[in-house]
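Each remark here refers to the structure printed beneath this line.
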Amino acid sequence: MTSDRPLRVRIAPSPTGPLHIGTARTALFNYLWARRYGGTFVLRLEDTDVVRSTLEFEKDILDGLHWLGLTWDEGPDVADGPDRGPFGPYRQMQRLPSYEAAAQSLLARDLAYPCYCTPEDLDADRKAQEAAHEPPRYVGRCAHLTTEERSAREAEGRRGALRFRVPPGPVAWDDLVRARVEIDSANLGGDFVIVRADGTPLYNFTVVVDDATMEITDVVRGEDHVSNTPKQILLFRALDHPEPRFAHLPLILNPDRTKMSKRKSQTALADYIDQGFLREALVNYLALLGWSTGTEEEILSLSELEQRFDIEHVQRGGAVFDRERLEWLNGRWIRRLAPDDLVDRLRPFLERERAAGRIDQIPGDDELRALLPIVQERLPTLGAIGDLAGFLWVAEVPLDPALIVPKRWD
RNA sequence: GCCCCCAUCGUCUAGAGGCCUAGGACGCCACCCUUUCAAGGUGGAGAUCAGGGGUUCGAAUCCCCUUGGGGGCACCA
């Protein structure tokens, strides 16, 4: 099917929030996939949710990925900056004409049709189905409108959304991590919308159009996307494009084993950076969440991971994010740092301490380097430097006599 | 409710029929080192491999069922 095409993978973040630790891991796996199996790693920004997408988030995501050391071969490098690569642009809002063309093609072949149902109609349908204990699905009210009926609605000024006609029958694929998965298209919720009434395309549609034109051969993403996969496969077929292989990674979990969420866990990569986690530790930890070397090695650098990564050892079940283990790994990596490197990395944290008024002066490189022998092995994170040694750089150490207790020696 | 997936110590995992009286790591406990705290070292507790049926001379590993857990069901991505 696709084995003869050169390997291409991608990470397709949506700038609707700060870089999520789960997105970072998916990016890492795609990166390792490309490096290990000799492929091209593409970054594409999925910004079609215009209401929620911001330049600020775009920057956070690109910066975070760069910070981790993951380099991509094609795509935008900086927020609002230019793209690299032969398949640009790599921001979906700049690719609107290609979705429009694909939509027209589907429409022309009656593989898709305009739907004039209002949100109220849809809501009522959903409620009725819920009351009848039926799964929610589009009832197909607009599936067979005549040309006259359509133009009548257009004449009323109503703009239709475009729905893809879901063909009956089972859809199956051989998932690279979980073997064969088969889903009957009857369970897909009916004909789904691919273009909003306002003309902007939707996720399931843009991914397929882009993955097709960007010649993506392996779609490596989170398990939460398995239910989207049959829809996307159907679209690939409708667009007469070979389907890519799919690999669904296990989810990163909260301690209660539900999908990792902001409510229950710290999910923004930027927060880990702020607290003084090293990129080496994060990369190492994330790689080991849902994957293992198959051996007992566990302290691994990015380049070592690039050499060892394999699809066979990707886990099927979700993995709880264990912050204590991350901290332990972080300590290991801090202790591995060369003195000058550690001094450099500590600097921003000292500056922050001073900005916050917790210390009065920042030590020079020599002083800091001299301190390293007793500090390096005690630092769980770079951010701990203030608590550990901050008293050295304050003008006056407040002493509470009550805390000073006489000590008896043998 | 419907569809799909998953299932080895608390957690991350090794394990692809005999090497498993199930190995490693985090965390936990103890000891050593140490005039504190760490780091490091050594040892320990911790999994009847979710349960039940098969298949096999032999199953954590293969099959089936049950149970449990999770994910998804938008004009979000």
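Values below: all heavy atoms of this structure, side chains included; hydrogens, waters and symmetry mates excluded. These figures come from a predicted structure and were not determined experimentally. The chains referred to below are lettered A, B, ... by the order of the sequence lines, with proteins before strands, and numbering in each begins at 1.
Partners of A:Asp63 by side chain to side chain contact (heavy atoms under 4.5 Å, CB included), not counting sequence neighbours, listed by chain and number: A:Lys59. Evaluation of the side chain to side chain contact (heavy atoms under 4.5 Å, CB included) rule for A:Glu149 yields A:Leu145, A:Thr146, A:Arg153 as partners, not counting sequence neighbours. Listed by chain and number, the residues in a ring pair (Phe, Tyr, Trp, His ring centres under 6.0 Å) with A:Tyr31 amount to none (sequence neighbours excluded). In this structure A:His248 satisfies the ring pair (Phe, Tyr, Trp, His ring centres under 6.0 Å) test with no other residue, sequence neighbours excluded. Looking at residues two or more places apart in sequence or on another chain, you find a ring pair (Phe, Tyr, Trp, His ring centres under 6.0 Å) between A:Tyr203 and A:His225. With sequence neighbours excluded, the residues that form a salt bridge (charged side-chain N to carboxylate O under 4.0 Å, His left out) with A:Arg84 are A:Asp77. Not counting sequence neighbours, the partners of A:Asp191 by the side chain to side chain contact (heavy atoms under 4.5 Å, CB included) test are A:Tyr113, A:Tyr138, A:Ala143, A:Arg163, A:Arg165, A:Val166. Every side chain to side chain contact (heavy atoms under 4.5 Å, CB included) that A:Thr26 has, sequence neighbours left out, goes to A:Ile11, A:Asn30, A:Leu249.
Nucleic acid contact class of A:Thr295 (heavy atoms, under 4.0 Å, all strands): none. If you check every strand for non-hydrogen atoms under 4.0 Å, A:Gly294 touches sugar and phosphate atoms only.
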Shorter than 3.5 Å, N or O on both sides, protein versus nucleotides 7-10 of chain B: list them out with atom names.
none

Sort me out a list of protein N/O and nucleotides 60-68 of chain B N/O pairs below 3.5 Å, or just none if empty.
none

Got a list of protein N/O to nucleotides 39-47 of chain B N/O distances below 3.5 Å?
| unit_1 | atom_1 | unit_2 | atom_2 | d |
| --- | --- | --- | --- | --- |
| B:A39 | O4' | A:Glu377 | O | 3.3 |
| B:A39 | O3' | A:Arg335 | NH1 | 3.1 |
| B:G40 | OP1 | A:Arg335 | NH1 | 3.0 |

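Using a 4.0 Å cut-off on heavy atoms, the residues of residues 191-200 of chain A that approach RNA chain B are A:Val193, A:Arg196, A:Ala197, listed by number.
Within the structure, a side-chain polar atom (N or O) of A:Lys259 is placed less than 4.0 Å from OP1 or OP2 of B:G72.
In this structure, A:Asn254 atom CG and B:U11 atom C1' are separated by 14 Å, rounded to whole Å.
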